[in-house]
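Owing to the predicted nature of the structure, the values given are computational and were not obtained by experimental measurement.
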Amino acid sequence: MTEDWHFYEPVNGHGLAHDPLNAIVAPRPIGWIGSRSRAGINNLAPYSFFNLFNYRPPLLGFASQGWKDSVANIADTKVFTWNLATVDLAEPMNASAAMVGPEVDEFTLSGLAMAEGRLVAAPRVAASPVSFECRLTQLIRLETKEGRELDQWLVLGEAVGIHIAGAMIDDGIYQTARARPILRGGGPADYFEITEAARFEMRRPG
């Protein structure tokens, strides 16, 4: 039996109509990052290279292609917020992705109300059902296997304060699907929603 496989070496190109990488490693949680410049201008931007990396202390990170405003602000102030992107907030989240200058406040641009962090001087999305207040732990410039530096920046932070809307919790358990979080898929416009119907349970061995 002969199986049909598409194999490629990324250095030589993928040979397809669209790069499949971000459609394969998908869906991905969205790093909706709030920060503030030293001049006091708020910034809000979504990043699809994002995840949680440690429980205690809670460490999370996002990677930015290019030294964007979020990275510059966090490098200066050492603080930021992460905000859960949901179906109800999808349109303003998308609006906050606009390529605009550092003088533009994306909270204003996207029509979102801003809330102040309790423990860090960074803005968070007031309407998001979950927000993390974070302090920078590492800012890493990514490299190739040959050691060539990339214009890709990994920002890691420790969540020092976590806001959860009470409606998201039942009997002490956070209900993941209730907020209807959205995740980034492949292609230029694909997103996925987490729903209760998509949930299944499976215990680890032992």
Side-chain angles (χ1 to χ4, degrees), residues 22-36 42 44-64 70 74 78-97 106-107 110-138 154-186 190-206:
N22 62 358
I24 295 168
V25 186
R28 300 180 305 283
I30 298 168
W32 202 11
I33 305 300
S35 64
R36 179 174 292 140
N42 293 324
L44 182 65
Y47 292 86
S48 67
F49 291 139
F50 165 83
N51 222 311
L52 179 70
F53 298 109
N54 195 57
Y55 278 125
R56 296 182 182 84
L59 298 177
L60 62 153
F62 72 95
S64 171
S70 299
I74 295 166
K78 308 295 188 280
V79 295
F80 63 96
T81 68
W82 170 77
N83 305 272
L84 183 66
T86 67
V87 165
D88 290 341
L89 297 172
E91 290 296 336
M93 183 278 298
N94 191 47
S96 73
E106 285 86 357
F107 284 88
S110 57
L112 287 164
M114 183 272 294
E116 283 290 341
R118 287 193 187 184
L119 303 179
V120 305
R124 61 188 183 87
V125 178
S128 177
V130 183
S131 295
F132 293 178
E133 299 184 21
C134 304
R135 294 193 181 277
L136 177 68
T137 58
Q138 292 173 272
L154 175 62
V155 178
L156 295 170
E158 179 176 335
V160 296
I162 296 176
H163 303 258
I164 306 173
M168 298 296 112
I169 301 171
D170 279 350
D171 298 323
I173 299 173
Y174 177 78
Q175 304 298 309
T176 301
R178 184 170 295 169
R180 300 175 67 198
I182 55 174
L183 305 100
R184 192 68 170 92
D190 291 350
Y191 288 84
F192 292 86
E193 176 190 352
I194 291 179
T195 64
E196 185 62 25
R199 182 175 65 87
F200 68 96
E201 294 185 356
M202 183 166 55
R203 302 287 181 181
R204 290 183 181 180

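- Side-chain atoms of Ser128 and Trp32 include no donor-acceptor pair closer than 3.5 Å.
- For the pair Arg184 and Phe192, the cation does not sit on the ring face, since its NZ or CZ is not both under 6.0 Å from the ring centre and inside 45° of the axis.
- Here Glu158 contributes atom CD and Leu136 contributes atom CG; the two are 11.0 Å apart, rounded to the nearest 0.5 Å.
- No donor-acceptor pair closer than 3.5 Å links the side chain of Ser131 to the backbone N or O of His163.
- Closest of all the heavy-atom pairs between Phe107 and Arg124 is CE2-O, 3.5 Å.
- The shortest side-chain heavy-atom distance between Pro46 and Ile30 falls under the 4.5 Å cut-off.
- When every heavy atom of Ala159 is checked against every heavy atom of Cys134, the shortest pair comes out as CA-SG, 4.0 Å.
- Across all their heavy atoms, Leu183 and Pro29 have their closest contact at CD2-N, 3.8 Å.
- In this structure, Pro123 and Arg36 approach most closely via the heavy-atom pair CB-NH2, 3.9 Å.
- The CG atom of Asn51 sits 9.0 Å away from the CG atom of Leu60 when rounded to the nearest 0.5 Å.
- Between Ile74 and Ile33 the shortest side-chain heavy-atom distance falls below 4.5 Å.
- Atom OG1 of Thr81 is separated from atom CE of Met114 by 10.0 Å, given to the nearest 0.5 angstrom.
- To the nearest 0.5 angstrom, Leu59 atom CG is 5.5 Å from Thr137 atom OG1.
- The stretch residues 164-176 participates, sequence neighbours left out, in these side chain to side chain donor-acceptor pair (under 3.5 Å) pairs: Asp170-Arg178.
- Side-chain contact between Val125 and Met93 is absent, with no heavy-atom pair separated by less than 4.5 Å.
- Using cut-offs of 30° and 60° on the angle between ring planes, the pair Trp82 and Phe50 is parallel.
- For Glu91, the CD atom counts as loosely surrounded, since its 6.0 Å shell holds 12 or fewer non-hydrogen atoms of other residues, nucleotides or ligands.
- Contact of the Phe80 side chain with the Ser70 side chain is not registered, since no non-hydrogen atoms from C-beta on lie closer than 4.5 Å.
- Here the side chain of Thr86 pairs no donor or acceptor atom with the backbone of Arg180 at under 3.5 angstrom.
- The main-chain N or O of Leu119 is found under 3.5 Å from a side-chain atom of Glu133 such that the two form a donor-acceptor pair.
- Of all the heavy atoms in Ala179 and Leu84, the pair that sits closest is CB-CD2, 3.9 Å.
- When the shell of 6.0 Å around OH of Tyr55 is examined, it contains 12 or fewer heavy atoms from other residues, nucleotides or ligands.
- Tyr191 places a side-chain heavy atom less than 4.5 Å from the side chain of Asn94.
- Shown here for Gly61 and Leu156, the closest heavy-atom pair between the two residues is CA-CD2, 3.8 Å.
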